2 protein chains.
Amino acid sequence: MATGRTHRPATRSRGIPEATVARLPLYLRALTALSERSVPTVSSEELAAAAGVNSAKLRKDFSYLGSYGTRGVGYDVEYLVYQISRELGLTQDWPVVIVGIGNLGAALANYGGFASRGFRVAALIDADPAMAGKPVAGIPVQHSDDLEKIIQDNGVSIGVIATPAGAAQAVCDRLVAAGVTSILNFAPTVLSVPEGVDVRKVDLSIELQILAFHEQRKAGEGAASDGGVPAAPARSESADQGPDGDMPAVMPA
Amino acid sequence: MATGRTHRPATRSRGIPEATVARLPLYLRALTALSERSVPTVSSEELAAAAGVNSAKLRKDFSYLGSYGTRGVGYDVEYLVYQISRELGLTQDWPVVIVGIGNLGAALANYGGFASRGFRVAALIDADPAMAGKPVAGIPVQHSDDLEKIIQDNGVSIGVIATPAGAAQAVCDRLVAAGVTSILNFAPTVLSVPEGVDVRKVDLSIELQILAFHEQRKAGEGAASDGGVPAAPARSESADQGPDGDMPAVMPA
DNA sequence: ACCTGTGAAGTCCTTCACAGCA
DNA sequence: TGCTGTGAAGGACTTCACAGGT
């Protein structure tokens, strides 16, 4: 299988913990909603509730960005929106390509959230010649033969892979060779990339499986029981609800 | 927003750490691939490479499940597939409903990974009367008026929300009231649910924003954009190419 | 010899609790 | 008084390194 494995010990991204970075978009969304309602300031308690985290965590998170609040008052909404946007790099424009325009790729192309905040779908790419030229979400699909050219002409550094699993690694390799350094992977495969390339993965079936695990615990363990480990006592008190925040996961390779 | 929230402090789901649970599906996928190639046994080193984690972590993870390996040899592929499947609750059938059959909902309905492993799309639900009856992925879409009945008739405990953000909380409330206790949320909103209900969230724009953050670090901070507020004072460290800031591992959500 | 299983050490993240400032 | 910012304590997860089977 893939070559060039790279297990990096991982260094932190200058001061801001990964876990905090993963929550910034959440705060930003909550703040944007407040901004639209013309709310001028917000306390850590209120904002935390809106973002679904607890206030101590939120304050700690913000403390990594600087001291942007006012004691006794709270945070200035507009100012925070700006600071977080800047920290996340959303004050600049990120051209993105989506490779694999099937159901999912089309859904992504149509997803408003992309365009709304710094991201611009620069091109849609598919391997099916029959798709070429057809517009999806108002953008004509281009054939994957031209992938490298498209990447370079548009200065794309972020690529989204929505192809079938079998094609993902090959597409990934081409994207990387053409200059892409961040990849969002929807294909159910582990991608190998050279050092310096970030991969984040979104995997629908994994999420469902995790839910199934917890679901199984809730629903009286009475099911199966084929000569095996005796199920744990049915203590449904647990009600694990923790999943609200995802863990960051940028894998090196 | 203060009420109805459920901040669970504890995490431990009967012995198995959340982080481990989140990786089990990954191992399972790698094992399934090995199984299809009729590979009889595998070492922690090999399996870890295939799953994209390191071997110590994998062994520790498996140790929570029991001692399923053989020293000096490795793990029996088929046996492990079974044990992990059982642990995840995939040996039983989970009927799932998808609410919101837009681009994304349709993509999910067509996603093979759902059906492949214990999950069965029991129904597709949409609020648009024009959709009613139209088959998507071979399953007729039903109107959301019948949501409660559909849930109950099919004994559904897992729901997928793929509606616009504005409708998500209302749909969530109805699902929960009808008996759903696990929700996979694709809408960009924080859902409030009563204790005992698990919510996992998949948020495309958040993933992109996290990538943008890392991308920004890589592309030498020199690319100062438009004027406005002076960018943060050159944070020295920029140099080390290592702006990796990665976590070796993968996870959830 | 080889590879698993695991105590122990280390790292990262969260939560507490309160000092400090508007 | 009210709320932020943060040291310190507490947990959770990862990695090390080696004891212990086969």
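Reminder, nothing fancy here: chain letters follow the sequence lines and each chain counts from 1. Computed from a predicted model, the values in this text were never measured in an experiment.
- Counting only heavy atoms from C-beta on, A:R59 has its side chain closest to C:dC18 among D:dC13, C:dC18, C:dT14.
- To the nearest angstrom, P of C:dT4 lies 16 Å from OH of B:Y79.
- Comment: B:E36 does not engage B:R29 in a salt bridge, judged by the lack of any side-chain N to carboxylate O separation of less than 4.0 angstrom.
- Residue B:F62 is classed as having no contact, given no heavy-atom separation below 4.0 Å to the nucleic acid.
- Atom pair B:Y68:OH and D:dT22:C1' shows a separation of 20 Å (rounding to whole Å applied).
- Among the nucleotides C:dT15, D:dT15, D:dC13, the one closest to the side chain of B:K57 is D:dT15.
- Within the structure, a side-chain polar atom (N or O) of A:Y75 is placed less than 4.0 Å from OP1 or OP2 of D:dG5.
- The main-chain N or O of A:L31 is never found under 3.5 Å from a side-chain atom of A:S35 such that the two would form a donor-acceptor pair.
- No hydrogens or angles were tested; on distance alone, nothing pairs the side chain of B:R71 with the base of D:dT22 as donor and acceptor under 3.5 Å.
- Using a 4.5 Å heavy-atom threshold, the side chains of B:T181 and A:E215 count as touching.
- In terms of phosphate contacts, B:N54 brings no side-chain nitrogen or oxygen within less than 4.0 Å of OP1 or OP2 of D:dT14.
- When distances run from any side-chain atom of A:S67 to the nucleotides D:dT15, D:dG5, C:dT4, the shortest one goes to D:dG5.
- Atom-to-atom, CD of B:E18 to P of D:dT14 comes out at 11 Å; the value is rounded to the nearest Å.
- Separating the CD atom of A:E46 from the P atom of D:dG2 is a distance of 14 Å, rounded to the nearest angstrom.
- For A:A19, counting side-chain heavy atoms from C-beta on, the closest listed nucleotide (C:dA22, C:dT14, C:dT4) is C:dT14.
- In this structure, B:D61 atom CG and D:dT15 atom P are separated by 11 Å, rounded to whole Å.
- The side chain of B:S44 contributes no N or O atom lying less than 4.0 Å from OP1 or OP2 of C:dC3.
- Here the side chains of B:L34 and B:L47 are in contact, with some heavy-atom distance below 4.5 Å.
- A straight line from CG of A:L58 to C1' of D:dC3 spans 12 Å, rounded to a whole angstrom.
- Between the CG atom of B:L65 and the C1' atom of C:dG5 there is a distance of 13 Å, given to the nearest Å.
- Between the CD atom of B:E45 and the C1' atom of D:dC16 there is a distance of 14 Å, given to the nearest Å.
- Between A:T20 and B:A56, the residue anchored closer to the 5' end of DNA chain C is B:A56, taking for each the nucleotide with the nearest heavy atom.
- In this structure the side chain of A:F62 reaches within 4.5 angstrom of the side chain of A:L80, judged on heavy atoms.
- Closest to the B:Y64 side chain, of the nucleotides D:dT14, C:dT14, C:dC13, is D:dT14.
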